[in-house]
Amino acid sequence: MSYLECNDLKRTHRHFTLDLSFAMDKGELLCIIGPSGSGKSTLLSLIAGIDDTERGSIILDGEDITRTSIQKRRIGMVFQDFSLFPTMNVEQNIQYGMKNKTPEEKQKKTEELLELVGLKDYAKRKVLELSGGEAQRIALARAIAAEPRILLLDEPLSALDAPLRKRLREELRNIHCRTGLTMIYVTHDREEAFAIADRIMILRSGHIQAIGRSEELYNNPQSLFVANFTGEGSTLKMPRNQNIDEDSIAFIRPEDIIILPKGTEETNADSISLDAEVSGSEYNGSFYTVTLQTEYGEIRATSARRPEDDQVMLSIPKGKIKYLK
Amino acid sequence: MKKDDSYYIRHALPALAVTVIVFLLPVASVLLKARNIGRTITDPYTWRLLGFTVLESGLSALLSVVIALPFCIFFSRYTFRLRKAMLTISDAAFALPAILAALGFVIYYGNNGILNNILKSLTNGKASLKVLYSFKAIILAHVYLNFPVAFSLITTALSNMPDTEEKASRLLGASEVRTFFRITLPKAMGSIISAFTLIFLFCFPSFLIVMSLGGNPRFFTMEAEIYKRTYTDVDPSSSASLAVFSFAVMALLLLATGYGREDKKAQRARHKLKPLAGNKKAVAIILCILIILFMAPPMLSILYRAFFNRDGDFTLKAWSGIINRANSGAGTSLDAIINSIAIATISATVATVMATRISMAAVRNRLNFLSLLSSLPMAVGSVSMGLGFAFLAARIPLYNKAVSFLLVLLAHIVVIMPFAIRTILPGARHIPVRLPLAAKTLGAKPNEIYRRIEYPMLRSYRRRAFAFAFALSLGEVNATLALGEGRITTIPVLIYKLINQYNYQGASALAVVLLTIAIVMFAIGEKEEKQ
Amino acid sequence: MKKALSVILVMMLAICSIFAQSASESAANKDQKTLTVYAYDTFCGDWGAASAVIPAFEEATGIKVNLVSAGAAIEVINKVRLEGANTRCDVILGITDDIADKAYDLLESYNSPNINNIDSRLVFDPQNRLIPYDYGAFAFVYDSEAKIELPTCLEDLKKDIYKDKVILIDPRTSSVGTGLLMWTYNALGEGWKDWWKTMSRNALTTASGWSSGYGLFTEGEAPIVISYTTSPVYHVMWEDTTRYQALLFTDGHEVTIEAAGIVKGTKHRQEAEAFIDFLLTQAQIDLANANSMYPANTKLELPPAYDFAPVPEKIYTGSSELASTLVGQWTDEIVK
């Protein structure tokens with residue numbers, strides 16, 4: 001049996017309906033990604049108990065918590081805006097959710113947690129004096145301090161700048177490993193999700209589009225939406241076979257395309273060749289992203305070198321072309 | 001709505017019950033006596049009274065707000081040494097009973113007042129200013145008494161709004177004037193309307209100032225007519241009808257301004273007050289001087305009268321008179337001071353706690369009508385309220401001083417509650433919704449969230465609400481007289497008694513005591529929150 | 001939490017102390033003869049006449065008085081009426097002649113022997129249900145330092161020389177104003193309308209009540225104000241000055257008479273009679289002093305300060321009907 005099971009959950013808002021089931025294991029870090037309005041935060045609200053489900057059940061560690069009040073669920077939550085209590089200092093914030101502990105134990109635990117999040121001497125600091133990154137670490141420490149059975153993180157890094165985001169997500173992954181906490185991490189940043197997730201769930205208008213390990217989702221997307229959402233790629237109106245006409249669309253990742261000089265003989269039978277004209281190229285530091293025009297439409301490819309000629313030939317392994325809907 | 005959100009509404013219930021019962025009982029007793037409302041509504045005289053009353057209160061409220069606005073904007077942007085003192089000075093006028101405000105005005109602005117005597121001595125008796133006994137005197141006095149309401153409410157609201165939009169507007173090349181009209185004014189609209197409504201409701205039942213300083217028997221308000229029908233005509237049913245009509249008009253105004261006025265989503269950041277620099281220093285000095293010139297003289301006039309007799313000779317007679325009464329046994333000045341402080345402290349404390357509860361319920365359970373409901377006592381003029389209380393007192397066996405004391409307390413609480421709510425509600429709206437959620441996920445019970453997070457976060461608002469409620473209770477006289485049965489003497493009650501004994505100087509001395517207490521209270525209320 | 005507790009504690013203490021105080025007040029001897037008196041609030045208040053009169057009466061007669069303050073005089077009547085047959089009230093006092101007719105049906109006659117000592121012009125109820133104990137006269141008071149020509153009658157005030165020199169009080173919101181209105185009616189007949197029309201232009205202002213009107217006067221805003229003949233007494237006693245003096249007009253003066261009566265069906269008729277008689281004799285000077293009125297009993301010597309309160313020869317009395325009719329007409333004539 002899984003650690004967390006959400007069965008047949010349903011919640012209707014004005015413009016969309018959340019309707020899904022999923023399960024996760026103990027100690028797992030599940031990332032939920034999806035465009036805004038896809039229901040990520042609604043799902044977290046349902047699990048945390050902030051919002052009530054209309055139907056279905058939530059089972060945590062074998063216990064049905066569907067109707068349990070927020071306070072009794074023992075589910076931690078870290079918010080995008082940190083939501084630290086401004087009337088308390090760092091220490092008081094962290095100790096707020098601690099239960100059944102002597103003051104000494106609380107003290108000790110607070111020190112441990114502050115060390116865990118890398119803010120050792122911050123206990124007496126005022127909350128309003130913290131920087132964004134510090135505040136989020138304290139929020140995390142506060143959530144962990146309450147010894148939650150599961151920790152929900154609602155876009156915890158989106159209020160921070162890019163380098164800090166990158167650093168913090170590594171730390172977060174580290175903390176996850178060290179504490180073994182089961183976590184659900186909501187983000188709209190694919191890169192972030194790939195970096196830290198054990199598994200990724202892709203949501204779209206209240207429904208699960210895909211759920212699985214990142215590599216799986218990237219390499220074998222089940223739908224065009226998943227393919228697009230997990231990474232770059234071009235869509236071509238390219239027939240699968242000369243004769244069979246299907247309205248599925250060919251999806252190709254940029255790194256799977258090899259750019260050759262025009263007129264190169266195709267030797268590999270597992271690849272297909274296409275004539276193309278270079279319409280633009282961008283330098284990305286370690287590689288170039290080249291935009292090309294083919295008879296089936298625009299295509300983007302990565303290349304180590306800038307193409308010398310405008311007219312080129314593309315070689316694409318057949319196995320890398322996904323026909324998706 | 002989650003189950004335990006009912007916590008807020010449950011804990012607001014006692015407060016609501018007290019408000020509704022203590023407010024509804026006198027109102028119902030008035031209502032029951034109203035027989036010929038139809039005739040009241042069709043009587044053109046009623047409408048003429050209404051016309052004049054709306055004119056004077058509307059103009060007073062409008063001018064108070066317009067005059068206060070530039071001060072509010074400046075005071076919500078910059079911090080400087082005299083900032084707090086200015087807020088406190090202007091607030092103090094709020095505690096003045098109408099009779100003393102009128103007296104202070106006469107001593108200062110009167111034809112034979114200090115201002116005119118100065119003018120005469122400067123110009124060898126040629127120049128004199130006729131301020132009083134005209135319509136403009138009514139408005140001036142009302143603006144004087146209510147400027148602090150607008151000043152305090154709007155300044156607080158603006159201080160709590162981030163000024164990023166203003167900065168953006170200036171960066172986009174808009175002038176300061178344009179930025180004000182396009183950005184700041186619309187943002188402040190909620191608090192402006194709120195202040196306007198409050199002042200309107202304060203001026204609507206005013207008649208001592210309207211009649212005595214107006215100088216024309218045609219200047220007569222609804223409340224004065226209610227008073228006339230009650231005490232001169234001794235026609236309870238016709239006075240009750242008019243009271244009901246007047247209540248309906250004010251309640252309508254409250255409804256019209258109460259809904260759809262909810263402040264925009266509260267921002268997290270509260271902007272920092274900037275220190276003064278360059279020519280802003282000059283602006284600050286000018287604004288402070290203007291406030292002092294406008295607010296201080298009538299109060300200083302009362303101080304002057306407390307120490308100087310009408311021939312301009314210094315005397316401590318009024319003070320020794322006050323102190324000596326302490327030895328005469330019953331009804332000492334000390335008793336009055338203790339009573340006043342006790343009643344004001346208790347009622348302001350209870351009102352602040354109850355207002356906090358009601359505000360939180362109104363915000364958390366999205367029940368806007370709650371704040372409106374508890375604002376209704378403002379829609380009842382003091383005469384009608386006194387009428388209701390007097391009628392009520394005739395029904396309750398008030399043979400006991402303790403019962404009188406309790407009733408006076410309850411009446412004070414209901415009278416000051418609307419003000420406390422209007423002060424605290426914006427604060428409640430400013431608490432981010434996520435904070436209680438975060439606390440809940442940490443296992444906190446609603447009670448704990450309220451006690452440890454929300455209540456402390458409202459501290460500065462509660463303190464200000466307490467100060468205003470305290471001042472309002474300190475100056476209250478109608479309910480105290482009606483329910484205290486002459487046995488509960490407060491400072492303003494004693495002031496009226498002294499005046500009835502021709503002792504205006506003693507009344508001024510007591511007024512100085514009253515103002516001092518109020519100023520101390522406001523100084524605490526305006527204390528800057530340390531970040 | 002501690003703060004909340006301490007607040008509650010303070011409140012409990014405050015309330016308890018008051019209860020204790022009142023409990024000791026009400027712990028009276030059961031066998032003692034008692035009398036319940038309803039009076040208007042300023043009489044009962046700490047500084048009212050009650051503080052002198054009631055203890056003196058209890059001392060003299062051994063009767064315990066239970067004094068109930070019931071608001072304004074009209075509310076005293078209303079309270080007794082509301083309580084009906086169950087009322088504990090034995091005596092009401094402070095009922096003025098202009099509202100007397102509202103109270104008559106609640107009262108019993110008492111032909112006190114002391115009535116013979118009362119100025120007969122004051123005895124407004126021939127059935128002696130309401131018995132006058134003091135009275136006051138409305139008069140214009142002037143500031144002797146203002147150096148104005150003194151008016152001798154109401155009509156004089158209409159003169160141009162008194163433009164902005166007179167402070168009136170509105171008949172609609174003050175009994176002093178109503179008194180002045182009845183005075184002009186009694187003295188000038190139909191001429192009252194013209195008098196008020198002229199005066200509403202000639203007067204500086206028409207104040208809402210006596211307190212604000214008289215305050216304007218003492219601040220020197222105008223040298224003449226409508227008040228009482230007894231007003232100068234206060235300035236003599238309090239400020240030791242004879243600067244302010246009352247004007248006796250040739251028209252005569254309107255008076256207001258305060259009276260007491262025994263409530264119908266009282267179980268303490270004897271004590272009630274004793275109380276009324278006390279009011280008409282020993283209490284007279286205390287009452288006059290505290291209420292700023294003249295004693296009704298003509299056999300008494302007035303305190304020396306009353307030398308500054310000239311007693312008018314010719315007096316008028318009014319009634320509540322007259323007051324109400326006149327205020328209505330006044331409103332139609334002057335402001336509508």
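Quick note on labels: first sequence line is chain A, next is B, and so on, each numbered from 1.
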Filtered by a 4.5 Å non-hydrogen cutoff, the part of residues 141-154 of chain A contacting chain B is A/Arg142, A/Ala143, A/Ala146, A/Asp154
- Message: What I'd like to find out is whether the side chain of B/Leu435 reaches to under 4.5 Å of the side chain of A/Pro86, using heavy atoms alone.
- Response: yes
Okay, B/Leu458 and chain A: the region with an atom under 4.5 Å from a heavy atom over there is neither
Under a 4.5 Å heavy-atom criterion, the part of residues 94-112 of chain A in contact with chain B comprises A/Tyr96, A/Gly97, A/Lys99
Worksheet entry | Whether B/Tyr450 and B/Tyr8 hold their rings parallel, tilted or perpendicular, with breakpoints at 30° and 60° | perpendicular
For B/Ala428 and B/Val363 the tightest heavy-atom approach is CB-CG2, 3.7 Å
So do A/Ile211 and A/Leu30 actually touch side chain to side chain, heavy atoms under 4.5 Å?
yes
Quick one: does any side-chain atom of A/Arg73 pair with a main-chain N or O of A/Thr66 as donor and acceptor, under 3.5 Å? yes
task = Decide if the gap between the ring center of B/Phe80 and the ring center of B/Phe75 is smaller than 6.0 angstrom.
result = yes
A/Tyr3 meets the side-chain hydrogen bond (donor to acceptor under 3.5 Å, both in side chains) criterion, sequence neighbours left out, with none
Handout entry: Residue B/Arg366 excluded, over 12 heavy atoms near CZ under 6.0 Å
Key = no
With sequence neighbours left out, the residues meeting salt bridge (charged side-chain N to carboxylate O under 4.0 Å, His left out) with A/Asp64 are none
Check: Does a salt bridge link A/Arg173 with A/Asp198, judged by any charged N lying under 4.0 Å from a carboxylate O?
Finding: yes
